[in-house]
Amino acid sequence: MSEEKSLNFIEEIVETDLASGKYQSIHTRFPPEPNGYLHIGHSKSICLNFGLAIKYGGKTNLRFDDTNPITEETEYVDSIKEDIRWLGFEWHNEYYASDYFDQLYHFAVKLIQKGLAYVDDSTSEEIALLKGTPSEPGKDSPFRNRTREENLQLFEEMKAGKYKEGEKVLRAKINMASPNMLMRDPLIYRIKHAHHHRTGNTWCIYPMYDFAHGQSDSIEKITHSICTLEFVAHRELYDWFIEKLEIFPSRQYEFARLNMTYTVMSKRKLLKLVNEGFVTGWDDPRMPTISGLRRKGFTPASIRMFCDKIGVAKRENFIDLGLLEFCLREDLNMTAKRVMVVLDPLKLVISNFPDGKTEMMLAENGPDPALGTREIPFSKELWIEKDDFMELPAKKWFRLAPGALVRLKNAYIIRCDGFLKNDAGDIIELQCSYLPETRSGADESGITVKGTIHWVSAAHAKTAEVRLYDRLFNTENPSAEDDDFRTHINPDSLQIINSAFIEPSLETAKIEDRYQFLRKGYFCADKDSTPEKLIFNRTVTLKDTWAKATGK
RNA sequence: UGGGUUAUGGUGUAAUGGUAGCACAACAGAUUUUGAUUCUGUUUGUCUAGGUUCGAAUCCUAGUAACCCAACCA
């Protein structure tokens, strides 16, 4: 019995178009501008566009919207491709808007010939002034009524490099009184004497977004061109160009972009974080970029699950970061190997355990039997977490305390007989005794304890650096009001533990390997690791109802 | 009376005139060699005011609120 999942509004449109025979199959595209790294918001669009084609048996192109040579770079192209593949999607064709520069130029000429475009010599200030405001109509430019011949020649001279940047632009001739600002004779070509990452110095005029995007869609015969809500007003222009140019009628549909708590999503702000050193780079694990999330230890499946759960609609949304973390834990819980690591060590000595003896304890690698088992050395001196002991135990405390019994995971039940303090009054060692008849897997003592804690044998422990990441911002909506989003940066977003004690089996961890450090959270080996020094990033903590109950 | 888009629990998202459902979060309990996982249960909602109808989240009217549009960015 499969519950029928309801369709989102775009799936409804697609099904209608398929059922009516308007299209035999669908063709979507993902159109990033290569001027930054992809972030979690993009993954919503990626899952939507690629997901639609997979679900309905169509195709999805990857098309780089590279019409602004000033901000675009090959580095970004490469990272975008890597991130899409990592998310689990493969595109049908890889295209660039710059592939169409010739065609786009001829489209512009066609518009001029039809009397629907003109060259304007006004400065950008003059153009802005004549544009009017949303509530007042604009006024015609003095250059609006040049002849076709003059426009044709001027445009060709623009292309030939005869003019300086800003000296002339090509504008569509539509309606300066339109209530839609975008229809008030929008600029469609501007002069930029700049090097383009693909076409080099071939061009010195570049089409604007509105004169590249829809036409590219049309050239590729995209059936459903899906973009975010801020482009709603562009749709009228999008359709106008298709009509006047008499080209394939791609249709644009808009959905609401992803907003998430404790996160900024604009490329401008992310670039600022990188350039001003608030993070170490685009792939810093605190960044909401795909590469940052990957480095932090996220799985592609968890991100896809998240995109599936948040849905697709047209209303503004503000998704709880907790939902992303839920999807992550859901996936990692099934797949991550369990290991024992002590982050904040306290020595524990088992007085009745023989000196120098090592016992190998059997441990399951995870809840899934397919993950197998491993052996862990156990000996007289162990490291445990400082916060697993309380001299004066709180109510409902069931970890270690004077006289208390706990199970050492995969090993014995122990009793705390006493402890040592240094001159400053800090507890520096616990003295315990173990119950030999309670060995894990062979315990017929009938003794039960409420607490189980993790440990690492001091004689066998290796060390590693552990980076504990917390959210980058300490307010829910750092982009909220007038103040600078940077004032909301969490100063404690990274805490580094230089030498945590790890169990020996972890020594072979490879970059991007994911683990659950028992009772501590999920961790992932970082690319900064060297043969001499392993480094782990905390991906996400485990849910901790005890910490919550005690008020953190 | 610039134009456009959107309003369903704390957060998302369904219900397409006929029992307001699901997920996350929150809360309570059971199980547990991870205070994890798992399982059970509980709380919380149709923007407002009118109208149509046997019956309205859904249709009509009038409001209200939020977001987008005045880059030679995309």
Side-chain angles (χ1 to χ4, degrees), chain A residues 3 5-8 12 31-33 35 65-68 70-72 97 120 123-124 127-129 131-138 165-171 178-184 187-192 205-206 208-210 212-213 227-236 254 256 261 267-268 309-327 329-330 333-334 338 340 363-364 367 396-399 406-411 413 438 440-441 443 448-454 516-521 541-550:
Chain A
E3 284 280 306
K5 209 193 169 212
S6 55
L7 303 176
N8 66 49
E12 276 178 11
E33 183 191 8
N35 69 345
D65 233 330
D66 56 350
T67 56
N68 186 356
I70 311 295
T71 55
E72 295 154 4
D120 195 330
T123 65
S124 67
I127 289 176
L129 220 54
K131 206 142 220 178
T133 70
S135 53
E136 298 164 73
E165 289 187 18
E167 213 174 324
K168 285 182 167 44
V169 292
L170 184 69
R171 291 229 257 171
S178 171
N180 182 350
M181 298 290 293
L182 283 153
M183 298 299 278
R184 322 238 265 228
L187 273 63
I188 60 180
Y189 261 94
R190 77 286 214 194
I191 297 168
K192 279 185 191 290
I205 55 171
Y206 292 92
M208 299 286 289
Y209 165 84
D210 285 301
H213 195 98
C227 62
T228 48
L229 244 29
E230 63 269 30
F231 292 97
V232 167
H234 293 249
R235 191 174 61 235
E236 190 180 357
E254 311 87 8
T261 56
K267 276 195 225 170
R268 206 192 90 253
K309 280 190 187 297
I310 59 177
V312 177
K314 298 186 78 154
R315 73 184 87 105
E316 287 294 326
N317 58 77
F318 196 42
I319 310 274
D320 190 339
L321 178 60
L323 183 61
L324 217 208
E325 294 180 342
F326 166 81
C327 295
R329 293 187 182 109
E330 185 91 340
N333 179 46
M334 300 309 295
R338 312 290 133 124
M340 294 201 281
E364 289 176 341
K396 286 194 177 171
W397 174 261
F398 46 83
R399 276 121 85 159
V406 297
R407 157 87 55 191
L408 293 172
K409 177 78 181 173
N410 299 314
I413 291 176
T438 60
S440 186
D443 185 351
T448 58
V449 292
K450 275 189 289 189
T452 299
I453 65 172
H454 63 281
Q516 184 193 107
F517 289 4
L518 221 65
R519 304 206 302 136
K520 283 292 157 191
T541 60
L542 257 27
K543 269 176 68 177
D544 190 345
T545 49
W546 171 252
K548 185 155 48 178
T550 54

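Owing to the predicted nature of the structure, the values given are computational and were not obtained by experimental measurement. Letters go in sequence order (proteins before strands), and every chain restarts at 1.
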> Which value, in whole Å, describes the distance between the C1' atoms of nucleotides B:U8 and B:G4?
Replying inline: 23 Å

> Hey, does A:Thr67 reach any base, or is it just sugar-phosphate, or nothing, if we go heavy atoms under 4.0 Å?
Replying inline: sugar-phosphate

> Does a sphere of radius 6.0 Å around CD in A:Glu12 hold more than 12 heavy atoms from other residues, nucleotides or ligands, not counting ones at 6.0 Å or beyond?
Replying inline: yes

> Where is the tightest heavy-atom contact between A:Ala363 and A:Asn410, given as atom of each residue plus distance?
Replying inline: CB-ND2, 3.4 Å

>> Please compare A:Asn333 and A:Val169 by the position of their nearest nucleotide in RNA chain B and report the one closer to 5'.
In response: A:Asn333

>> What's the gap between B:A62 and B:U52 when it is taken at their C1' atoms, as a whole Å value?
In response: 15 Å

> With sugar-phosphate meaning primed atoms plus P, OP1 and OP2, does A:Phe398 contact a base, only sugar-phosphate, or nothing at under 4.0 Å between heavy atoms?
Replying inline: base

> What is the nucleic acid contact for A:His234, judged by heavy atoms within less than 4.0 Å: base, sugar-phosphate only, or nothing?
Replying inline: base

>> For the C1' atoms, the ones on B:U61 and on B:A71, what distance do you get once it is rounded to whole angstrom?
In response: 41 Å

> Does the A:Arg399 side chain pair with the main chain of A:Gly451, one donor and one acceptor, at a distance under 3.5 Å?
Replying inline: no

> Quantified in whole Å, what is the P atom distance between nucleotide B:C68 and nucleotide B:G12?
Replying inline: 16 Å

>> Taking the side chain as everything from C-beta on, heavy atoms only, tell me whether A:Tyr189 gets closer than 4.5 Å to A:Val169.
In response: no

> Touch check for A:Tyr206, heavy atoms < 4.0 angstrom, all strands: base, sugar-phosphate only, or nothing?
Replying inline: nothing

>> I'd like the P distance from B:U43 over to B:G10, given in whole Å.
In response: 15 Å

>> For a stem of at least 3 consecutive Watson-Crick or G-U pairs with distances under 3.5 Å, i pairing with j, i+1 with j-1 and so on, which stems involve RNA chain B?
In response: B:2-7 with B:64-69, B:10-13 with B:21-24, B:26-30 with B:38-42, B:47-51 with B:59-63

> At under 4.0 Å between heavy atoms, what does A:Asn410 touch on the DNA or RNA strands: base, sugar-phosphate, or nothing?
Replying inline: base

> With a non-hydrogen cut-off below 4.0 angstrom, is A:Gly451 in contact with a base, only sugar-phosphate, or nothing?
Replying inline: nothing

> What is the nucleic acid contact for A:Gln516, judged by heavy atoms within less than 4.0 Å: base, sugar-phosphate only, or nothing?
Replying inline: base

>> Using a 4.0 Å heavy-atom cut-off, does A:Arg399 contact any base of the nucleic acid, only the sugar-phosphate backbone, or nothing at all?
In response: base

>> Please classify the nucleic acid contact of A:Ile310 as base, sugar-phosphate, or nothing, using heavy-atom distances under 4.0 Å.
In response: sugar-phosphate

> Salt bridge or not for A:Arg235 and A:Glu254, using N-O below 4.0 Å?
Replying inline: yes

> Touch check for A:Lys396, heavy atoms < 4.0 angstrom, all strands: base, sugar-phosphate only, or nothing?
Replying inline: base

> Using 30° and 60° as the class limits, which term best fits the ring planes of A:Tyr209 and A:His234: parallel, tilted or perpendicular?
Replying inline: perpendicular

> Quantified in whole Å, what is the P atom distance between nucleotide B:A74 and nucleotide B:C22?
Replying inline: 46 Å

> A:Asn180 and A:Glu236: side-chain donor and acceptor closer than 3.5 Å?
Replying inline: yes

> Quantified in whole Å, what is the C1' atom distance between nucleotide B:A56 and nucleotide B:G17?
Replying inline: 7 Å

>> Mind checking if A:Ala233 touches a base, just sugar-phosphate, or nothing, with heavy atoms under 4.0 Å?
In response: nothing

> How far does NE2 of A:His454 sit from CG of A:Leu408, to the nearest 0.5 angstrom?
Replying inline: 11.0 Å

>> At 4.0 Å (heavy atoms only), tell me whether A:Thr545 reaches a base, stays on the sugar-phosphate, or touches nothing.
In response: sugar-phosphate

>> Between A:Asp544 and A:Arg519 (salt bridge meaning N to carboxylate O under 4.0 Å), is one present in this structure?
In response: no

> On a whole-Å scale, what distance lies between the C1' atoms belonging to B:G9 and B:U46?
Replying inline: 10 Å

> So what does A:Asn180 hit on the nucleic acid, given a heavy-atom distance under 4.0 Å: a base, only sugar-phosphate, or nothing?
Replying inline: nothing

> So what does A:Arg184 hit on the nucleic acid, given a heavy-atom distance under 4.0 Å: a base, only sugar-phosphate, or nothing?
Replying inline: nothing

>> I'd like the 5' and 3' limits of the part of RNA chain B contacted by chain A, with heavy-atom contacts below 4.0 Å.
In response: B:G2 to B:A74

>> Quick check: closest heavy atoms across A:Val449 and A:Val406, and the distance to 0.1 Å?
In response: CG2-C, 4.0 Å

